[in-house]
There are 2 protein chains.
Amino acid sequence: MSDLQSLFQTRYGDTSALAPAAASAVIEHLLGHRSVRAYRPDPVSDDQLAAIIAAAQSAATSSNLHAWSVVAVRDPERKAALAECAGNQAHIRDAPLQLVWLADLSRLHRVAGQCERPDGALDYLEMFLVAAIDAALAAQNAAAAAESLGLSLVYIGGMRNRPEEVARLLGLPPRVFAVFGMCIGYEDSTRPAAVKPRPAQAVVLHHETYSVEQQAAPLAAYDDTMARFYEREGMNVRGTWSVHSAKRVAGPESLTGRDRLVEALANLGFELK
Amino acid sequence: MSDLQSLFQTRYGDTSALAPAAASAVIEHLLGHRSVRAYRPDPVSDDQLAAIIAAAQSAATSSNLHAWSVVAVRDPERKAALAECAGNQAHIRDAPLQLVWLADLSRLHRVAGQCERPDGALDYLEMFLVAAIDAALAAQNAAAAAESLGLSLVYIGGMRNRPEEVARLLGLPPRVFAVFGMCIGYEDSTRPAAVKPRPAQAVVLHHETYSVEQQAAPLAAYDDTMARFYEREGMNVRGTWSVHSAKRVAGPESLTGRDRLVEALANLGFELK
């Protein structure tokens, strides 16, 4: 079995899945992604960080506006404070580097100010979305780059649990919002992470128009795939992937504080008109 | 000069920039990204598309919720209609494949329904943001994968100009929003695209806390870098990058219809509480 075939079957948790004929070393690299939550203390060097950021900046950015920034946090106390904001996730303390990815409209506000021009569009949801997407595209390039250097990572959505406190810890000016964090470091190989299976392509890939029908059977199969995965990994997940996911979106109480995101963003200078 | 050194200097438009010591083939690949707007008619095969989507699905997804989908559009009439929605960009017609990346909360709505569970969290801005970020992370992996197969691409933010019409063209159910498009195909080598320079790392990379001060000098230098770039590429850009960017955020009239994004999202089933 080729490397690609093996990676493909692991990615879909399906030993009968056939890898496509099109392939590249980059695609094999991307297929191997794992979210890692156990790190050795070994640091990430400035050279590694510079290479990661160059990759991040190479991603597309809407209208070449560069509406994002990132804060590299290595200070143990600041990492511990961020961990507390983000639901007390131990790996935020343990990973030597925390990258906090920012939707940044403050730079454009300053640029417009220096040009003595108005910048009313910054108060619209569209520009917040542009900035969040810019940050996400940059971060995903950074993720691929970090893994190519032998590092591991995990995204931290919990960085949105208490946005004002994160902004205070990082000294963010108005119009800057921490979209998510990212732990980076070397995996603790005594606690290795597994590749988490994805649903079959028919669940996410549509041709010409959106199809609800094509998703039903592969989603049912995905519940079985994930049940096998939870068992094999010794994860104590109650119910199927479907039940687990439904619980996650049950109501405002399931959003770990993020039900007040609109209010938090207003406090941070985003009007979202 | 090494490949990496050359790629690094082109990426920053700075012949004195020194590449970091950390390197990998994946990072070199990412540094070479160019947004391409001129395509040959040659098709993208189903095998290539399957490899691209496998890479996209390998990106992280918040809480393993897979809150995204993508529609692959190859039909010339549908591409032409999408092009008209997105500001009449000719390359949407010319590229053989248009991938429309979707923030998709409809699947979770159906999953919760099948489990006979509530899904009130789907009405919050947080879940819309989760879905948009999921789509962006997947898309950026797809971009890297496509380029590794010898294909080229450009993101299409104009897909947000008329969201309800795009949703109608693609048959999107409620709670699904086209975040952006992506042209994919083979570059027309008679009209090659250049690597667009980025500002120095100090503009986007902060250590421990956010610094406004460190950005001023490199942003001024970036205006010079981009002036040289506009001239070399024969682009008719009036004013500096700063002026051009300030114009882009001047007010609602500069958002090409996207100033009504909140209203459009409400029409598409997103409450954004």
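All values reported here derive from a predicted model rather than from experimental measurement. Order of the sequence lines sets the chain letters (A, B, ...), proteins ahead of strands, with each chain counted from 1.
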Student: Test B/Gln57 against A/Val204 for side chain to side chain contact (heavy atoms under 4.5 Å, CB included), laying out the working first.
Tutor: CA-CA 9 Å; B/Gln57 289 187 274; A/Val204 296; 3.7 Å; yes
Student: Considering only heavy atoms and a distance below 4.5 Å, find which of B/Lys247, B/Arg110, B/His33 pairs most often with chain A.
Tutor: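 That would be B/Arg110.
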Student: Quick check on the interface: out of B/Gly32, B/Ala19, B/Ala144, B/Ser63, who has the most heavy-atom pairs with chain A under 4.5 Å?
Tutor: B/Ser63
Student: Taking it one step at a time, do A/Ile27 and B/Leu149 satisfy side chain to side chain contact (heavy atoms under 4.5 Å, CB included)?
Tutor: CA-CA 9 Å; A/Ile27 289 173; B/Leu149 296 173; 3.8 Å; yes
Student: State, to 0.1 Å, how close A/Ala22 and B/Ala51 come at their nearest heavy-atom pair, and which atoms those are.
Tutor: O-CB, 3.5 Å
Student: Under 4.5 Å heavy-atom distance to chain B, tell me which part of A/Leu153 shows up: side chain, backbone, both or neither.
Tutor: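 No part of it gets close to chain B.
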Student: Provide the full list of salt bridge (Lys or Arg N to Asp or Glu O under 4.0 Å) pairs with a residue in residues 60-73 of chain B, sequence neighbours left out, each pair given once.
Tutor: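 Sorted result for residues 60-73 of chain B: empty, none.
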Student: Can you tell which part of A/Ser211 gets under 4.5 Å to a heavy atom of chain B, answering side chain, backbone, both or neither?
Tutor: neither
Student: Using 0.5 Å steps for rounding, measure from the CG atom of B/Leu125 to the CG atom of A/Leu255.
Tutor: 10.5 Å
Student: Please list, chain by chain and in numerical order, all residues satisfying side-chain contact (heavy atoms from CB on, under 4.5 Å) with A/Asn64, sequence neighbours excluded.
Tutor: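 Once residues adjacent in sequence are excluded, the partners of A/Asn64 under the side-chain contact (heavy atoms from CB on, under 4.5 Å) criterion are A/Thr61, A/His66, B/Lys196, B/Arg198, B/Tyr222, B/Met226, B/Trp241.
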Student: Identify which part of A/Ala200 has an atom lying under 4.5 Å from any heavy atom of chain B, answering side chain, backbone, both or neither.
Tutor: backbone
Student: Using only atom types and a distance under 3.5 Å, with no angle test, would you say the side chain of A/Asp47 pairs donor to acceptor with the backbone of B/Pro20?
Tutor: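 Absent.
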Student: What residues of residues 133-142 of chain A make heavy-atom contacts with chain B at a cutoff under 4.5 angstrom?
Tutor: A/Ile133, A/Ala136, A/Leu137, A/Gln140, A/Asn141
Student: Side chains of A/Arg258 and B/Leu129: does their closest heavy-atom pair fall under 4.5 Å?
Tutor: no
Student: Could you verify whether a donor N or O on one side chain and an acceptor N or O on the other, from A/Gln215 and B/Arg107, lie under 3.5 Å apart?
Tutor: yes
Student: Chain A: which of B/Gln201, B/Gln48, B/Arg117 shares the most heavy-atom pairs with it under 4.5 Å?
Tutor: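 Most pairs with chain A among the choices: B/Gln201.
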Student: With a 4.5 Å cut-off on heavy-atom pairs, point out which of A/Leu65, A/Leu265, A/Asp46 contacts chain B the most.
Tutor: A/Leu65
Student: Heavy-atom distance under 4.5 Å to chain A: side chain of B/Val203, backbone, both or neither?
Tutor: both
Student: What's the separation between atom OG in B/Ser58 and atom CG in A/Leu30, rounded to the nearest 0.5 Å?
Tutor: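 It comes to 7.0 Å.
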Student: Do you know which of B/Ala112, B/Gly157, B/Ala21, B/Ala55 has the most heavy-atom pairs with chain A at a distance under 4.5 angstrom?
Tutor: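 Counting heavy-atom pairs under 4.5 Å, the top option is B/Ala21.
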Student: Any side-chain heavy-atom pair from A/Tyr124 and B/Val249 closer than 4.5 angstrom?
Tutor: no
Student: Within the 4.5 Å heavy-atom criterion, are B/Val100 and A/Tyr210 side-chain neighbours or not?
Tutor: no
Student: Identify which part of A/Arg74 has an atom lying under 4.5 Å from any heavy atom of chain B, answering side chain, backbone, both or neither.
Tutor: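 Both parts, heavy atoms under 4.5 Å.
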Student: Please classify the contact of A/Leu105 with chain B as side chain, backbone, both or neither, using a heavy-atom distance under 4.5 Å.
Tutor: neither
Student: To the nearest 0.5 Å, what is the distance between NZ on A/Lys79 and CD on B/Glu208?
Tutor: 9.5 Å
Student: Tell me which pairs pass salt bridge (Lys or Arg N to Asp or Glu O under 4.0 Å) where either residue lies in residues 17-28 of chain A, with sequence neighbours left out.
Tutor: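 Every pair satisfying salt bridge (Lys or Arg N to Asp or Glu O under 4.0 Å) with a residue in residues 17-28 of chain A: there are none.
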Student: Can you tell me how far the CZ atom of B/Arg248 sits from the CE atom of A/Met127, to the nearest 0.5 Å?
Tutor: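 With rounding to 0.5 Å, CZ (B/Arg248) is 5.5 Å from CE (A/Met127).
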Student: Working to the nearest 0.5 angstrom, can you tell me the gap between A/Leu205 CG and B/Leu49 CG?
Tutor: 5.0 Å
Student: Shorter than 4.5 Å, heavy atoms on both sides: which option in A/Gly239, A/Gly251, A/Ser45, A/Ser254 has the most such pairs with chain B?
Tutor: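 Heavy-atom pairs under 4.5 Å are most numerous for A/Gly251.
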Student: Below 4.5 Å, heavy-atom pairs only: which of B/Ala216, B/Gly113, B/Pro173 has the largest tally toward chain A?
Tutor: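 Option with the greatest count: B/Pro173.
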Student: Return the option, out of A/Asp104, A/Leu108, A/Leu4, A/Val176, with the maximum number of heavy-atom pairs under 4.5 Å with chain B.
Tutor: A/Asp104
Student: Do you know which of A/Ala59, A/Ser62, A/Ala143, A/Ser106 has the most heavy-atom pairs under 4.5 Å to chain B?
Tutor: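 Sorted descending by pairs with chain B, the first entry is A/Ala59.
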Student: What residue, out of B/Ala145, B/Gly150, B/Ala56, has the most heavy-atom pairs lying under 4.5 Å from chain A?
Tutor: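 Highest number of pairs under 4.5 Å: B/Ala145.
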Student: Within the structure provided, determine whether A/Val243 and B/Gln114 are in side-chain contact (heavy-atom separation under 4.5 Å).
Tutor: no
Student: Only pairs of heavy atoms separated by less than 4.5 Å count here; which of A/Ala54, A/Ala25, A/Ala23, A/Ser242 has the most with chain B?
Tutor: A/Ala54
Student: Hey, is NE2 on A/His29 packed in by over 12 heavy atoms from elsewhere, all under 6.0 Å?
Tutor: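 Counting other residues, nucleotides and ligands, NE2 of A/His29 exceeds 12 neighbours.
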Student: About how many Å separate CG of A/Leu102 and NE2 of B/His206, when rounded to the nearest 0.5 Å?
Tutor: 7.0 Å
Student: Would you say A/Thr209 and B/Val71 make side-chain contact, with heavy atoms under 4.5 Å?
Tutor: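 Of all side-chain heavy-atom pairs linking B/Val71 with A/Thr209, none is under 4.5 Å.
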Student: Who among A/Leu169, A/Leu99, A/Val111 has the most heavy-atom pairs with chain B under 4.5 Å?
Tutor: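 Looking at each of A/Leu169, A/Leu99, A/Val111 in turn, A/Val111 comes out on top.
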Student: Can you tell me if B/Glu253 has over 12 outside heavy atoms packed within less than 6.0 Å of its CD?
Tutor: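 Counting other residues, nucleotides and ligands, CD of B/Glu253 exceeds 12 neighbours.
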